[in-house]
Amino acid sequence: MWTIPILAVGLLLLRCIYRLYLHPLSKIPGPKLAAVTRLPEFYHDVIRGGKYLWQVEKMHKKYGPVVRINPNQVHVNEPTFYAEMCASGGRKRDKTLESVGGFGLSEALPSIVDHDHHGRRRKQLNPAFSKKAIVDILPLVQQKVDLVAEHFKAAYCGDNGGVVDLDAEFTGLAADTVTQYTFGKDLGFLRDNKFNNIITSSMREMTNQFHLIRFFPWLVVLLQHLPAICIRWLRPNSVGINALQDRLHQISETKIGGSRTVIDILNDPSLPAEARAPEFIRDNVNIILGAASDPTSGTLLIGLYHLVQRPQLWLKLRDELRGVMPSPTSPAPWLELEQLPLLKAVVNEMLRFSPGTIRIARVPVSETLVCHGHVIPPGSIVSSSARLIHMHPDPFPDPESFDPHRWLDASPEKLIKMSQALIPFSRGNRSCIGHYLATAQIYMLLAAIVRQFDLELYNTSAKDVEFARDCVVARPERGDWSVKVRVVGIAMH
Ligand code: HEM
């Protein structure tokens, strides 16, 4: 009767001894409990809702820049090591289900585990997001930016005290832009004053359940077999986004201003049928819509939260913008905006505070990595968090302070160090495919708002933009980002 429990306890003990003393990562420093079990990670990420990163931060303070944070994973907090971890070219980096299973979309780029499989799929999507492709759709981005500016103007002239909810505006901007680029038609989130933005809400639903699904990937299979009524109850927005895709496929218009849409590129008849598999297209469209809207809008609204509190900087920026935007309503030409030193410094600082920067992991397939004398053998999971690197006092002294001048005043050597440590879009073969689309929107929106409006914060405090949970993207303690501003003036010249 006792044989089975005794055997089970014996096996558990043996596993603990193996993990503590014989495992390839046994020499890496870190808490013993984390070395033998993933329970601490489960507790902080699943039960407490995305809190393990802050435990990891404490571990770094205690054990140094390289720590073992679970039986199979080493976390590194060393800016100069990040490019090694995320290497590019032929240096193979797999992902691991342990970290990406939570997406529940097996064919979506960020959740493909195998290096070569990912490379083939990525090659297919790259042309849609090259710098040239994004330059071709700038009129579309400008059109959406103009709509946001109209809302600011309407708020100033209207009777609600000039208040604008930046989350609704910026998720509307990002979702309408990416939807129109993907399908040739947007869903009019910016035109609908109730801003019923199903793309953002489904992304938030998915990211809120991310850690649970990461620990129990079979829940996705279970979900697929549950009666529709249960799915609608558990994941109402994800059901909505699938229905939305079907609708959008039907109305898809193949040309936007002469450019091909993302759907055209994914579904190019010259590609072999296997490359156009419906699940590949569906999973990637889901991830593109979601990945495009939430981190882009989060970066913009947190950045504006800081910028609005620096009126002198705001006016200096407006002066600089006059050089490329002669009147307050002139279009904001991205390629010229990128050349403006102060604006570039502000955008860099906004990206340093970007919420899309939580723990990511790679598996060096055949290389041994070494960091601060610690050996990380091939096949190990190694992770790093842009949030911690962006707040690292070595490249960024006084890291909590939003200070664009750090980019303007730095010596050439320091600038290299800082640029190396600025990793909002990650690095290497698996870095963000949408970074040109995101930066174009950030530059153009920021320029349009600063050039035209004077703003002050409304009913918003530091708590509303504090990174308190890691749900693939950062989130505040409760709910979603909430930054409101009041339009207090409009520039006349
Ligand atoms: C400021 C805005 C954005 C930030 C901070 C951001 C950040 C990131 C990061 C850090 C990754 C790497 C994730 C990993 O290694 O696991 C990533 C991947 C990705 N991002 Fe973004 N992103 C942004 C905007 C966008 C936009 C506009 C799109 C639209 C196309 C997009 C689509 C993707 C996709 C598809 C991947 C997966 C790439 C791959 O695995 O090959 N992102 N993003």
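In listed order, ligands and their atoms are each counted from 1. What you see below is based on every heavy atom in this structure, not just the backbone, and it leaves out hydrogens, waters and symmetry mates.
For the pair K95 and ligand 1, the shortest N or O to N or O distance falls below 3.5 Å. The shortest N/O to N/O separation between R122 and ligand 1 falls below 3.5 Å. Any N or O atom pair closer than 3.5 Å counts here, and H118 shares at least one such pair with ligand 1.
Side chain to side chain, R214 and H211 meet the donor-acceptor criterion of an N or O pair below 3.5 Å. No hydrogens or angles considered: nothing links the side chains of D176 and Q180 as a donor-acceptor pair under 3.5 Å. Side-chain N/O atoms of R122 and N126 include a donor and acceptor closer than 3.5 Å.
Per-residue contacts place T299 under 4.0 angstrom from the following atoms of ligand 1 (heavy atoms of the residue considered): 1 (C). Each of the atoms 1 (C), 2 (C), 24 (C), 27 (C) of ligand 1 lies under 4.0 Å from some heavy atom of T296. Which parts of ligand 1 touch F129 is read off a 4.0 Å heavy-atom cut-off, strictly below it: atoms 30 (C). Listed by number with element, the atoms of ligand 1 under 4.0 angstrom from any heavy atom of S431 are 38 (C). Counting the atoms of ligand 1 from 1 in the order shown, those under 4.0 Å from a heavy atom of A291 are 24 (C), 25 (C), 26 (C), 31 (C), 32 (C), 33 (C), 42 (N).
Every residue meeting the side chain to side chain contact (heavy atoms under 4.5 Å, CB included) condition with E279, not counting sequence neighbours, appears here in chain and number order: E107, A277. For H117, the ring-ring contact (aromatic ring centres under 6.0 Å, His included) criterion is met by no residue, not counting sequence neighbours.
At a threshold of 4.5 Å between non-hydrogen side-chain atoms, the residues F396 and R406 count as touching.
Remark: distances from the non-hydrogen atoms of V178 to ligand 1 are all 4.0 Å or more.
Screening R359, H60, R68 for a side-chain hydrogen bond (donor to acceptor under 3.5 Å, both in side chains) involving H75 leaves a single residue, H60.
Under 2.8 Å from atom 21 (Fe) of ligand 1 lies an N/O/S atom of C432, whether from backbone or side chain.
When heavy-atom distances to ligand 1 are checked against a 4.0 Å cut-off, R362 comes that close only through its side chain, counted from C-beta outward.
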